[in-house]
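Read the structure below first, then the notes.
Both ligands and their constituent atoms are indexed starting at 1 by order of listing. Values below: every heavy atom of this structure, side chains too, minus hydrogens, waters and symmetry copies.
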Amino acid sequence: MTSRKKLIAGNWKMNKTSADASALVAGIVEAVGRQTDVDVVVCPPFTSLESVAKALEGSTVKLGAQNMHHEAGGAFTGEISAPMLRGLFATHVILGHSERRAYFGETDAAINQKVLAALKNQLRPIFCVGETLAEREAGATLKVVQTQLEAGLQGVNQDQASSVVIAYEPVWAIGTGKVATTEQAQEVHAFIRGLLTKLFAAPIAGKVRILYGGSMKPSNAPELLAQKDIDGGLIGGASLEARSFVELVNAAIAAK
Ligand code: 13P
C-alpha cells in the first residue's frame, strides 16, 4: 500500500493512422474511461493527438505526446512545442525515450532542456532512463541511470519535482520480449527513489511515480506492479490493442 496512485501509460510509438487511433482509444475509453483508481495516459503520434483528445473528452484517460522541442516556437522545421501540445489538451509528454537517444541523437543536455520546458508549460514529463545490454553486462547499470537521471533533472526545483514521472526502461527489454526480473527492476527503482531523495526533499521523492517499461504484458504485470517502488508501467507493444492495454490497467487497479 502506497500513497502513490499507479499510472499506466501507453506509448504507441510510430503506429496507428488517425482512423486506427480513434478505434483504439474508443475501446480504451469504453472499458476504463470512468475509473479513478489509477491514472491512465495514452501517447499517440502527433498526427492523432487532436482526434484522440476529442475521443477522451469527458473520460478520466489523459493525453500525452511522445516528444517535443524545448523552444515555444520559431524556425524549427518539423518540430512541435509544449504550447502546441497544451493547445491540444495534452497533459503529459514522454521525454528522453531510448529510441530518441539511440536513433535521433538526443543527449542528456537536450533532454534536460525539454524536461524544463515541459514543466514550465504545465506538462508532466514522463522522463525515460535505462541502460543498454552492454552497460548491464559491464556492471554499469546504476551508474548509467544515475548519470541520465541527474543530468535530465538538472534545474528542476522542489515545487516542480513531484510533477515529474520517471520511466525506467532497460533498453534490452524494449520490444524484445525479455522482461527484467522483478528483482532487477525493483533494485533500479529503489536506487532511483534514493537518488530523488538526495536531489529533492524526501516527501517529494516519495510522491514521484517511477514506471517500469520493457515488454510489460498482462502476464508479467501483476508481479512487477506488486513491487514497492514500481508505480506503474510505460507500455509499448501491449498498448496497441485495447484488450491488452485494458488488462494492464486492471492489473494496476488490482495492485493499488
Ligand atoms: P515494449 O512494451 O514494446 O517493450 O516497449 C516499451 C517502451 O519502449 C515503452 O516506451
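- Nearest protein neighbour of atom 3 (O) of ligand 1, counting heavy atoms only, is Gly237 N, 2.8 Å.
- With a 4.0 Å cut-off on non-hydrogen atoms, Leu234 touches ligand 1 through its backbone as well as its side chain.
- The shortest N/O to N/O separation between Thr176 and ligand 1 does not fall below 3.5 Å.
- Not a single heavy atom of Lys217 sits less than 4.0 Å from an atom of ligand 1.
- A donor and an acceptor atom, one from each side chain of Glu241 and Ser244, are nowhere located under 3.5 Å apart.
- Nearest non-hydrogen protein atom to atom 2 (O) of ligand 1 is Gly236 N, 2.9 Å.
- Which parts of ligand 1 touch Gly214 is read off a 4.0 Å heavy-atom cut-off, strictly below it: atoms 4 (O), 6 (C).
- Side-chain atoms of Glu30 never come within 3.5 Å of backbone atoms of Gly27 as a donor-acceptor pair (strictly under, hydrogens ignored).
- The pair Arg101-Asp108 meets the salt-bridge criterion, since a charged nitrogen lies less than 4.0 angstrom from a carboxylate oxygen.
- Of all the heavy atoms in Arg136 and Trp172, the pair that sits closest is NE-CZ2, 3.3 Å.
- Using a 4.0 Å cut-off to heavy atoms of Gly175, the atoms of ligand 1 that qualify are 1 (P), 3 (O), 4 (O).
- Glu131 places no side-chain N or O within donor-acceptor distance of the main-chain N or O of Val144, the cut-off being under 3.5 Å.
- The closest approach between any non-hydrogen atom of Ala238 and ligand 1 is not below 4.0 Å.
- Shown in contact with Ala173 at under 4.0 Å from a heavy atom are these atoms of ligand 1, numbered in order with element: 4 (O).
- Among Gln186, His189, Met216, the one residue that satisfies the side chain to side chain contact (heavy atoms under 4.5 Å, CB included) test with Leu224 is Met216.
- Within ligand 1, counting atoms from 1 as listed, the ones closer than 4.0 Å to a heavy atom of Asn11 are 9 (C), 10 (O).
- Close approach of ligand 1 to Glu169 (heavy-atom distance below 4.0 Å) involves ligand atoms 6 (C), 7 (C), 8 (O), 9 (C), 10 (O).
- With a 4.0 Å heavy-atom cut-off, ligand 1 is reached by no atom of Ala167.
- Of the possible polar contacts, none joining the Tyr103 side chain to the Gly105 backbone as a donor-acceptor pair under 3.5 Å is found.
- Atoms CD1 and NE2, from Ile94 and His97 in turn, are 6.5 Å apart once rounded to the nearest 0.5 Å.
- Not a single heavy atom of Ser239 sits under 4.0 Å from any atom of ligand 1.
- Inclusion of Ser215 in the set of residues having an N or O under 3.5 Å from an N or O of ligand 1 is warranted.
- Residues Ile166 and Leu7 do not share a hydrophobic cluster, defined by chaining ILVMFWY side chains whose heavy atoms lie under 4.5 Å apart.
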